[in-house]
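Side chains included, hydrogens not; waters and symmetry mates left out as well; all remaining heavy atoms used.
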Amino acid sequence: MANNKEKNISITLDVKDVAEKIGEVCLECYGVVGLSNGNIKTLKILTKENLSEGVFIKKDKDHFIIDIHLICAYGVKVTEIVNEVSKRIFYILRKKYGELFSKVNVYVDDLREF
């Protein structure tokens, strides 16, 4: 018979690696033109070298919250893009880290021609 005792598990999280992976997953989604820096005054499309600047990871008690800033294609249904990005990010994070991430917020900062 198995003994079910609670165990403390320590996980080391490299925020930059997680943010870069999230950025790559976002770019694979249909309708995403790119990630933005989240600053409306100096809005720019981020390159692969700085994708992590469009992903913000915050700690909330025992979990992490992800904020993603996107630039979407003009003429594509924005709600569908946001739902797809959110679902994919949750899937990737849950698969790798379990229940460590509790929420994914997706912000659309601009619409551009695809």
Side-chain angles (χ1 to χ4, degrees):
M1 185 163 231
N3 188 0
N4 292 334
K5 291 184 179 180
E6 284 189 35
K7 296 181 182 179
N8 289 333
I9 298 173
S10 177
I11 296 175
T12 303
L13 186 68
D14 186 346
V15 174
K16 185 167 180 161
D17 286 344
V18 172
E20 286 174 357
K21 181 62 179 171
I22 290 170
E24 290 171 7
V25 171
C26 290
L27 292 179
E28 294 171 358
C29 292
Y30 176 77
V32 175
V33 174
L35 275 72
S36 76
N37 57 357
N39 187 344
I40 299 300
K41 292 181 182 178
T42 61
L43 191 68
K44 64 178 181 176
I45 296 178
L46 302 174
T47 63
K48 288 197 179 226
E49 290 77 31
N50 59 357
L51 282 179
S52 61
E53 293 177 24
V55 179
F56 302 91
I57 301 175
K58 301 180 282 190
K59 179 127 172 85
D60 179 47
K61 297 180 185 173
D62 296 336
H63 295 90
F64 291 94
I65 297 172
I66 307 289
D67 290 340
I68 304 167
H69 291 267
L70 299 178
I71 297 175
C72 294
Y74 181 79
V76 179
K77 194 169 181 181
V78 174
T79 55
E80 293 298 321
I81 297 170
V82 169
N83 286 334
E84 185 63 24
V85 166
S86 181
K87 284 192 311 190
R88 285 191 187 187
I89 297 302
F90 252 124
Y91 175 77
I92 296 295
L93 293 176
R94 295 278 166 117
K95 187 175 171 184
K96 187 165 185 174
Y97 299 105
E99 301 290 322
L100 195 57
F101 294 90
S102 63
K103 192 173 185 181
V104 175
N105 299 315
V106 180
Y107 301 98
V108 177
D109 293 337
D110 196 10
L111 299 174
R112 303 237 175 127
E113 292 293 325
F114 199 37

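- Neither side chain, N83 nor S86, offers a donor N or O lying under 3.5 Å from an acceptor on the other.
- Looking at heavy atoms from C-beta onward, L70 lies out of side-chain contact with S36 at the 4.5 angstrom threshold.
- What you find for L35 and C26 is that their closest heavy atoms are CD1-CB, 3.7 Å.
- When each of N105, I66, D67 is paired with F56, the side-chain contact (heavy atoms from CB on, under 4.5 Å) condition holds for D67 and for no other.
- Looking at every heavy atom in both residues, A19 comes nearest to I57 through N-CD1, 4.2 Å.
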For D60 and K58, run salt bridge (charged side-chain N to carboxylate O under 4.0 Å, His left out): C-alpha distance rounded to whole Å, both residues' side-chain angles, the deciding distance at 0.1 Å, then the answer.
CA-CA 6 Å; D60 179 47; K58 301 180 282 190; over 6 Å; no

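- Of the possible polar contacts, none joining the H69 side chain to the V55 backbone as a donor-acceptor pair under 3.5 Å is found.
- Residues Y30 and F90 share a hydrophobic cluster, clusters being chains of Ile/Leu/Val/Met/Phe/Trp/Tyr side chains in contact below 4.5 Å.
- No chain of hydrophobic side-chain contacts below 4.5 Å, direct or via other Ile, Leu, Val, Met, Phe, Trp or Tyr residues, connects I65 to V25.
- Note that the NZ atom of K44 and the CG atom of D110 stand 14.5 Å from one another [nearest 0.5 Å].
- Expressed to the nearest 0.5 Å, how far SG of C72 lies from CD of E80 amounts to 12.0 Å.
- Here the NE2-NZ distance, from H63 to K103, works out to 13.5 Å after rounding to the nearest 0.5 Å.
- No more than 12 heavy atoms of other residues, nucleotides or ligands sit less than 6.0 Å from atom NZ of K95.
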V18 vs D14, test: side chain to side chain contact (heavy atoms under 4.5 Å, CB included). Steps then yes/no.
CA-CA 6 Å; V18 172; D14 186 346; 5.8 Å; no

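- Rounding to the nearest 0.5 angstrom, the gap separating the OG atom in S102 from the NZ atom in K59 is 9.5 Å.
- For the atom pair CD (E24) and NZ (K48), the distance works out to 6.5 Å, reported to the nearest 0.5 Å.
- Heavy atoms only, all atoms of each residue included: V33 and E113 are closest at CG2-O, 4.5 Å.
- Residues Y97 and I68 share a single hydrophobic cluster, defined by chaining ILVMFWY side chains whose heavy atoms lie under 4.5 Å apart.
- In terms of hydrophobic clustering, with Ile, Leu, Val, Met, Phe, Trp and Tyr side chains grouped at heavy-atom distances under 4.5 Å, Y107 and V82 are assigned to different clusters.
- Considering every non-hydrogen atom in both L111 and A73, the closest pair reads CD2-O, 4.2 Å.
- When the side chains of ILVMFWY residues are joined at heavy-atom separations under 4.5 Å, either directly or via intervening members, Y91 and I81 end up in a single hydrophobic cluster.
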Any chance you could lay out the side chain to side chain contact (heavy atoms under 4.5 Å, CB included) test for V104 and V106, step after step, and finish with the verdict?
CA-CA 6 Å; V104 175; V106 180; 4.0 Å; yes

What verdict does the side chain to side chain contact (heavy atoms under 4.5 Å, CB included) test give for L100 and F64, after you've listed the backbone C-alpha separation in whole Å, the side-chain angles of each residue and the deciding distance to 0.1 Å?
CA-CA 6 Å; L100 195 57; F64 291 94; 3.8 Å; yes

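- In this structure, NZ in K21 is found 11.5 Å from CG in L51, a value given to the nearest 0.5 Å.
- Closest non-hydrogen pair, R112 versus I71, comes out as CG-CG2, 3.4 Å.
- Within the 3.5 Å criterion, the main-chain N or O of F101 finds a donor-acceptor partner in the side chain of R94.
- Under the 3.5 Å distance criterion, the side-chain polar atoms of N37 are left unmatched by any main-chain donor or acceptor of I45.
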